[in-house]
Visitor: 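Dropping a structure here in structure tokens format, bear with me for questions.
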Amino acid sequence: KLRDLDVARSVAQLVGVAAEAVCIFIISAGVLYDLEVTSNDAVNTIADTLYYCILTFTGIGQPFEMVTPGGKFATIISVIVALIVVPGQLAKLATAAGVNMISSEMDKKEGGDKDRRDLEETKEAG
């Protein structure tokens, strides 16, 4: 039962990390769209800036350039936020997974010790 709770917590943290990443992409795309739509011929829909954000934040590269100073500044801020938030959340996830693994190993060891004690008590009684 405790193991199920640990798994549920790990899944919840993983979903949280994914949700934060999606929010960063969507918010950045919305800001960039608002700043670039009237000045940048490459930006026609919010899907264009969402595509730009996904390619830029994952390090694949930029499909087009931002042309306004605001768009360039927003790109820099968005990348910095992504570089701070996502690794921090992944570190929390890794820590939780490590704690779960250690806890599981300790439970196995304690279970083995209990079985050994039961066997010794049976030998002493017999």
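Computed from a predicted model, the values in this text were never measured in an experiment.
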Visitor: Is there a side-chain contact between Leu50 and Ile46 (heavy atoms, below 4.5 Å)?
Guide: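 No; the side chains remain at least 4.5 Å from each other.
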Visitor: Do you know which two heavy atoms are closest between Ser39 and Val67, and how far apart they sit?
Guide: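 That closest heavy-atom pairing would be O-CG2, 3.6 Å.
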Visitor: Group every Ile, Leu, Val, Met, Phe, Trp and Tyr by side-chain heavy-atom contacts under 4.5 Å, then state whether Ile84 and Ile27 land in the same group.
Guide: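 Unlinked, Ile84 and Ile27 end up in two clusters.
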Visitor: Decide side-chain contact (heavy atoms from CB on, under 4.5 Å) for Leu35 and Phe73; before the verdict, give the C-alpha distance in whole Å, the side-chain angles of both, and the deciding distance to 0.1 Å.
Guide: CA-CA 10 Å; Leu35 292 169; Phe73 183 73; over 6 Å; no
Visitor: Rounded to the nearest 0.5 Å, what's the gap from OG1 on Thr49 to CE on Met66? Could you check?
Guide: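 Thr49 atom OG1 to Met66 atom CE measures 7.0 Å (nearest 0.5 Å).
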Visitor: Quick one: side-chain hydrogen bond (donor to acceptor under 3.5 Å, both in side chains) pairs with a partner in residues 76-88, sequence neighbours left out?
Guide: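 Residue pairs passing side-chain hydrogen bond (donor to acceptor under 3.5 Å, both in side chains), neighbours aside: Ser28-Ser78.
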Visitor: Just wondering, do Tyr52 and Glu36 contact through their side chains at under 4.5 Å, heavy atoms?
Guide: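 No, every pair of side-chain atoms sits at 4.5 Å or beyond.
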Visitor: Measure the CD1-CD1 distance between Ile77 and Ile80 for me, rounded to the nearest 0.5 Å.
Guide: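 Between Ile77 CD1 and Ile80 CD1, I get 5.0 Å after rounding to 0.5 Å.
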Visitor: Any idea which heavy atoms bring Thr56 and Val79 closest together, and the distance?
Guide: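 Heavy atoms of Thr56 and Val79 come nearest at CG2-CG2, 4.2 Å.
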Visitor: Minimum heavy-atom separation for Cys53 and Leu32, please, with both atom names.
Guide: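 Looking at all heavy atoms of both residues, the shortest contact is SG-CD1, 3.7 Å.
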Visitor: Please report the closest heavy-atom contact between Phe25 and Ile54, naming both atoms and the distance.
Guide: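 Looking at all heavy atoms of both residues, the shortest contact is CE2-CA, 3.8 Å.
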Visitor: Assigning hydrophobic clusters by single linkage (Ile, Leu, Val, Met, Phe, Trp, Tyr; side-chain heavy-atom cutoff under 4.5 Å), is Phe57 placed with Leu83?
Guide: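 Same hydrophobic cluster.
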Visitor: What is the minimum heavy-atom distance between Gly71 and Thr68, and which atoms define it?
Guide: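 Minimum heavy-atom separation between Gly71 and Thr68: N-OG1, 2.9 Å.
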Visitor: Pair Thr45, Asp48 - check side-chain contact (heavy atoms from CB on, under 4.5 Å), show working.
Guide: CA-CA 5 Å; Thr45 66; Asp48 294 332; 3.7 Å; yes
Visitor: State whether the side chain of Asn40 and the backbone N or O of Val37 hold a donor-acceptor pair below 3.5 Å, judged by distance alone.
Guide: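 Side chain of Asn40 to backbone of Val37: no pair is present.
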Visitor: Take atom CZ of Phe64 as the centre, draw a 6.0 Å sphere, and report whether it contains more than 12 heavy atoms from other residues, nucleotides or ligands.
Guide: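 It does: Phe64 CZ has more than 12 such atoms within range.
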